[in-house]
Amino acid sequence: MLVPYEALLSLPQEVLQRMIKEYLLSQLEDGSFSDADEQQLSRAMDQCKLALKKGDLVVEYSEDDESIAIRQREHISRSSFN
């Protein structure tokens, strides 16, 4: 199930920030930001927020394992759109 963007705005900012950071870390092969400085991380997080707002990234809640994650819209199953 997809979480509407408007619902994300009601989350505490810290929760949304953690979700975005987890997503960014999952996109790196080595799983670290060792080569990125704080400014680069901040820009990447801002870009993710914009992508969420535009719908390029979506938040998907899995009822099966009760997990929530940011995903690229084109990588989610059609059943999530219901």
Side-chain angles (χ1 to χ4, degrees):
M1 167 176 53
L2 296 182
V3 178
Y5 175 74
E6 294 76 25
L8 297 177
L9 299 177
S10 66
L11 290 173
Q13 281 297 310
E14 184 178 301
V15 173
L16 185 56
Q17 295 283 20
R18 283 187 201 157
M19 286 175 48
I20 290 171
K21 192 168 186 177
E22 183 178 322
Y23 170 75
L24 290 172
L25 289 171
S26 74
Q27 300 305 300
L28 298 175
E29 286 183 11
D30 65 355
S32 74
F33 277 103
S34 59
D35 294 337
D37 63 20
E38 195 64 35
Q39 189 176 29
Q40 290 171 316
L41 177 58
S42 179
R43 277 196 305 268
M45 292 183 79
D46 288 342
Q47 289 173 342
C48 280
K49 286 180 188 176
L50 182 59
L52 284 165
K53 184 176 184 178
K54 290 173 36 180
D56 297 333
L57 294 176
V58 294
V59 175
E60 183 179 33
Y61 173 72
S62 171
E63 294 172 346
D64 294 336
D65 58 6
E66 296 182 353
S67 66
I68 191 163
I70 296 174
R71 307 215 187 281
Q72 293 180 8
R73 181 173 285 278
E74 63 268 9
H75 294 156
I76 59 174
S77 66
R78 287 282 173 219
S79 64
S80 296
F81 288 100
N82 298 329

query: When hydrophobic residues are tied together by side-chain contacts of less than 4.5 Å, even through go-betweens, does Met19 share a cluster with Leu50?
result: no
field: Residues Ile70, Cys48; criterion side chain to side chain contact (heavy atoms under 4.5 Å, CB included); working and verdict
entry: CA-CA 9 Å; Ile70 296 174; Cys48 280; 5.8 Å; no
query: Do side-chain atoms of Ser42 reach the backbone of Gln39 as a donor and acceptor pair under 3.5 angstrom?
result: no
query: Which heavy atom of Tyr23 sits nearest a heavy atom of Leu57, and at what distance?
result: OH-CD2, 3.3 Å
message: If the test is side chain to side chain contact (heavy atoms under 4.5 Å, CB included), which one of Arg71, His75, Met1 qualifies with Glu60?
response: Arg71
field: Nearest heavy atoms of Gln17 and Met45, plus distance in Å
entry: OE1-CE, 2.8 Å
- request: Would you mind reporting whether Leu2 and Arg73 have side-chain heavy atoms less than 4.5 Å apart?
  value: yes
- prompt: What distance separates Ile68 CD1 from Leu8 CG, expressed to the nearest 0.5 Å?
  reply: 7.0 Å
field: Partner residues of Arg18 under the salt bridge (charged side-chain N to carboxylate O under 4.0 Å, His left out) criterion, sequence neighbours left out
entry: Glu14
field: salt bridge (Lys or Arg N to Asp or Glu O under 4.0 Å) contacts touching residues 45-58 (sequence neighbours left out)
entry: Lys54-Asp56
- prompt: Would you find more than 12 non-hydrogen atoms of other residues, nucleotides or ligands less than 6.0 Å from Glu22 atom CD?
  reply: no
message: Starting from Leu41, can I reach Val15 by hopping between I/L/V/M/F/W/Y residues whose side chains sit under 4.5 Å apart?
response: yes
